[in-house]
Amino acid sequence: MDDAVHQQLIAPLNPAQQSAVKTIEGPLLIIAGPGSGKTRVITHRIAYMISQGVPSQKIVALTFTNKAAEEMRKRLALLAPENLTWAGTFHRFCSRLLRVHAAMIGLQENFTIYDMSDTKKVVKQAIANTEVDTRHYSADAIGREISNVKNVAITPEKFQPRIGNVMDKILSLVYPEYQKLLQMANAVDFDDLLMHTVDLLTQNNELRAALDMRFEYMMVDEYQDTNVAQYQLIRLLNHNKQNLAVTGDPDQSIYGWRGANIRNILEFEKDYPQVSVVRLEQNYRSTKSILRVADQLIANNVRRKKKVLVTDNDEGAQVRLVAYPSPQDEAVDIADSIALLIQKGSHNPSDFAVLYRTNYLSRALEHALGAAGVPYQIVNGHEFYQRREIKDLVAYLHLINNDRDMVAFERIVNVPARKIGKVTLSRLRNYALENNTSLMEAARNVGLIESISAAPSSKIKQFAAMIDDLQQTATQEVETILRNVLVQTGYREWLTLDGTEEAFERANNVDELVVAAQEFDNEHPEDGGLEKYLEQTALVSDTDVFESSSDFVTMMSLHAAKGLEFKKVFIVGLEDGILPHERSSSDDEQIEEERRLLFVGITRAQRELQLSRCLNRFRRGSNWPAIASRFLMELPREQMQVFEPSGQRHGMSDQQLQDTIARMSDWSSDVPVYDVNEDVVSVPASTVPGTIQPDALHSDSTLKSPSKLKPKKPVVASIGDMMTGAQLAAKESDGTKRLSPEEYSIGLDVEHLQYGVGTVVTMSGDGKKRTATIDFPEYGEKQFRVAFSNLRSVPR
DNA sequence: TATTCGCAAGTTTTT
DNA sequence: CTTGCGAATA
């Protein structure tokens with residue numbers, strides 16, 4: 001068992017936590033500050049309920065992210081091994097319900113879940129069908145607006161356009177058409193999962209009441225982030241039986257843009273008058289220094305209920321605030337300081353996280369961490385599944401699973417190229433529309449469409465026959481289906497026709513997908529299947545991989561970091577326009593949400609925290625001076641270590657400049673020199689950014705500028721190199737050795753727990769995607785992503 | 001019908 | 001700077 005988890009499980013609960021755990025009947029509101037042991041309370045509470053005789057299958061725990069659900073399941077398994085509690089995201093919960101009751105809302109149980117890019121295509125089609133004038137609003141904007149309307153659970157029938165509102169007028173036409181297209185395609189978007197479920201329960205009171213009983217005890221995590229549809233769903237399922245416990249923190253509400261409604265948590269007490277309220281304010285996560293910064297920042301929010309954050313933890317190191325000349329300097333300094341600490345052996349890669357507002361900020365960091373030899377992991381949702389070649393192949397799977405899937409059909413009908421063109425397709429579409437049938441069905445009947453001439457007609461017929469043929473294999477393992485698709489379509493060959501570097505890369509991704517399918521089959525021997533696989537790829541992101549592998553520095557967005565904690569946290573790019581984001585800067589309410597976002601980021605840190613910004617940033621093609629985030633002015637700078645340049649160039653505001661000058665005068669002069677853009681700045685030796693361990697205080701080394709803090713030799717050459725000394729010795733005591741991805745090569749003998757000893761036959765990919773095909777004498781060839789697999793080398 | 005070129009637009013966060 | 005889209009051309 002994970003030591004930290006174990007510690008948490010056996011540590012006693014404080015009085016507030018106990019009271020939350022023991023209140024199991026009736027509505028319960030748990031206001032839980034960051035690091036207050038919320039997940040622990042939830043899991044203990046469930047375990048307690050079970051010990052009191054509540055049947056565990058009557059308990060449901062709803063979360064926002066798969067990460068949170070996974071964490072909960074993991075801990076619950078330790079507390080109550082035999083429990084049948086269902087824990088998962090709202091979307092998954094709804095998807096499960098809808099598959100069972102699909103017919104009641106006009107769907108088939110094998111419906112497709114469309115992601116945002118799929119959704120966008122349907123919106124465009126709907127716009128085309130309704131011939132709406134899009135001079136004023138882009139398809140994107142219309143799609144966003146549809147999503148907003150759905151988030152408040154307004155169906156096309158209920159939608160009331162406000163007179164004189166142009167967008168509403170457009171919506172009144174496009175929204176029903178969009179919904180009709182989805183229905184015809186037997187597909188739903190993310191928002192539908194919630195809205196359809198609300199609809200289903202509203203229209204079928206018997207079913208609602210049955211489910212109300214069935215899920216007698218419900219817990220909702222991150223209640224501050226629920227939107228209207230989720231709120232209605234919760235109300236519908238907690239009408240007769242109001243054993244509802246919600247946890248949340250208004251200060252951590254960061255999904256307003258997605259329709260989250262703070263009102264839900266602020267007025268929970270009105271919604272459920274008999275409510276018990278518990279406040280968890282004791283923080284077990286962070287040092288006093290870190291909490292003070294968080295506290296002072298969030299105090300700037302006006303729309304807020306005051307809340308205290310207290311901790312018995314030690315003072316800890318001061319929070320650092322650093323201005324770097326450029327994003328490259330920022331990245332290199334952070335990477336080098338992490339590498340140094342790992343090399344010293346005092347830290348593991350998994351102790352660190354680098355957080356940012358927008359995903360593209362990870363680029364420079366990736367580069368720098370790679371150069372420093374630090375293993376890292378980017379938590380970036382569905383990136384892999386967004387690649388063209390992957391979307392193409394998954395579209396085949398979708399069409400096999402649900403032949404009414406319109407987006408999948410359009411995507412692949414001519415990929416690989418089959419000489420089926422725009423004109424033919426539009427005729428096919430028209431036929432389908434007129435006959436109220438799917439594109440696939442129209443394709444089967446293409447002979448009946450007079451406007452399509454012989455040549456394209458036969459091509460389409462061939463395509464339809466191929467899909468029908470593939471459909472015969474739909475019940476087999478996903479890997480088999482996928483391999484069949486590759487064989488039948490010749491996709492891989494078609495992809496690599498031009499022989500470019502990029503084509504090769506794409507072909508690797510295809511192999512990667514096969515491996516992923518294989519892994520899915522292995523992990524789901526009982527409950528697998530194509531439909532499950534497709535649901536998984538739609539609703540689950542790469543984050544599970546991130547959870548289980550601990551030997552990586554984690555990089556992710558501030559949003560993705562919610563609910564997690566790390567010993568040392570770097571938050572980068574604290575600049576005006578980035579955080580707060582420029583699209584939020586016009587609106588006070590949105591600014592407050594951005595502030596909460598930073599609050600969430602800060603409170604992820606257990607021991608040390610560095611906030612940084614850059615003086616220049618590359619934007620829209622060229623380098624611009626960057627202005628410090630206004631939030632940096634709201635922090636208790638006198639209690640932090642501040643590294644700002646002395647010059648007034650680089651676009652510093654007056655306020656900033658004054659602050660900086662004030663800071664400078666406080667600094668002693670008998671210290672080394674920190675060189676920022678040739679401006680000479682004094683920096684206390686103990687506080688040079690780049691050396692973030694507390695014992696630097698006792699170091700008498702005179703360090704140069706942070707960005708020049710490069711060791712003579714590469715700090716860490718590979719993952720393998722980092723396991724030095726005692727650590728490495730321990731790992732090798734039985735003669736086998738865990739290898740870094742780079743160390744794998746063809747011909748190597750490795751040992752697998754299940755398959756025994758085998759030989760590496762082929763290698764492909766790099767980094768965390770590096771994949772080995774290994775031949776086991778008894779089991780044949782298997783593929784592994786070596787960074788994640790439990791393989792060890794065997795000496796010859 | 002496929003391909004290529006040029007132009008415009010849009011750049012957040014996630015299930 | 002990228003991506004996506006539409007028009008022009010082979």
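Within every chain, numbering begins at 1; the chains are lettered A, B, ... in the order of the sequence lines, protein sequences first and strands thereafter. Since the structure is predicted, the reported quantities are computational estimates derived from the model, not experimental observations.
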Check the distance between [N]'s [atom2] and [X]'s [atom1] and give it to me in whole angstrom.
| X | N | atom1 | atom2 | answer |
| --- | --- | --- | --- | --- |
| N227(A) | dT14(B) | CG | P | 16 Å |
| E535(A) | dT15(B) | CD | C1' | 12 Å |
| L361(A) | dT11(B) | CG | C1' | 12 Å |
| F618(A) | dC1(C) | CZ | P | 6 Å |
| W257(A) | dT11(B) | CH2 | P | 14 Å |
| K562(A) | dT15(B) | NZ | P | 11 Å |
| R363(A) | dC1(C) | CZ | C1' | 11 Å |
| R96(A) | dT15(B) | CZ | P | 20 Å |

Under 4.0 Å, heavy atoms only, any strand: does [X] hit a base, just the sugar-phosphate, or nothing?
| X | value |
| --- | --- |
| N359(A) | sugar-phosphate |
| F90(A) | nothing |
| F64(A) | sugar-phosphate |

Of all residues at least two apart in sequence or in a different chain, which pass the side-chain hydrogen bond (donor to acceptor under 3.5 Å, both in side chains) check with Q108(A)?
N186(A)
Within 6.0 Å of CD in E109(A), more than 12 heavy atoms from elsewhere
no
Can you tell me if NE2 on H524(A) sees more than 12 non-hydrogen neighbours from other groups inside 6.0 Å?
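Result for NE2/H524(A): enclosed.
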Which of the following nucleotides, [options], is nearest to the side chain of [X]?
| X | options | answer |
| --- | --- | --- |
| T358(A) | dC1(C), dT13(B), dT14(B) | dT13(B) |
| M116(A) | dT11(B), dC1(C), dT15(B) | dT15(B) |
| H559(A) | dT12(B), dT15(B), dT14(B) | dT14(B) |
| T89(A) | dT15(B), dT14(B), dT12(B) | dT15(B) |

D140(A) or S557(A), whichever maps to the more 5' nucleotide of DNA chain B:
D140(A)
Centroid under 5.5 Å and tilt under 30°, H581(A) to dT12(B):
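Stack criterion met.
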Does F463(A) form a side-chain contact (heavy atoms from CB on, under 4.5 Å) with I412(A)? I'd like the steps, not just the answer.
CA-CA 10 Å; F463(A) 173 77; I412(A) 54 175; 4.2 Å; yes
Any cation-pi pair here, R263(A) with Y231(A), using under 6.0 Å and within 45°?
yes
What does the list of N/O pairs under 3.5 Å between the protein and nucleotides 1-8 of chain B look like, with a distance for each?
residue, atom, partner, partner atom, Å
dT1(B), OP1, T424(A), OG1, 2.6
dA2(B), OP1, N414(A), ND2, 3.4
dA2(B), OP1, K419(A), N, 3.2
dA2(B), OP1, I420(A), N, 3.4

Does dC5(C) have its OP1 or OP2 closer than 4.0 Å to a side-chain nitrogen or oxygen of K124(A)?
yes
Expressed in whole Å, how much space separates the P atoms belonging to dT13(B) and dG4(C)?
15 Å
Is a side-chain donor-acceptor pair under 3.5 Å present for N616(A) with S326(A)?
no
Is there a donor-acceptor contact under 3.5 Å linking the side chains of K562(A) and T65(A)?
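No - no donor-acceptor pair under 3.5 Å links their side chains.
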Can you give each donor-acceptor pair under 3.5 Å made by side-chain atoms of residues 91-98 of chain A, sequence neighbours left out, with the distance rounded to 0.1 Å?
residue, atom, partner, partner atom, Å
R92(A), NH2, Q536(A), OE1, 3.4
S95(A), OG, E535(A), OE1, 2.8
S95(A), OG, E535(A), OE2, 3.2

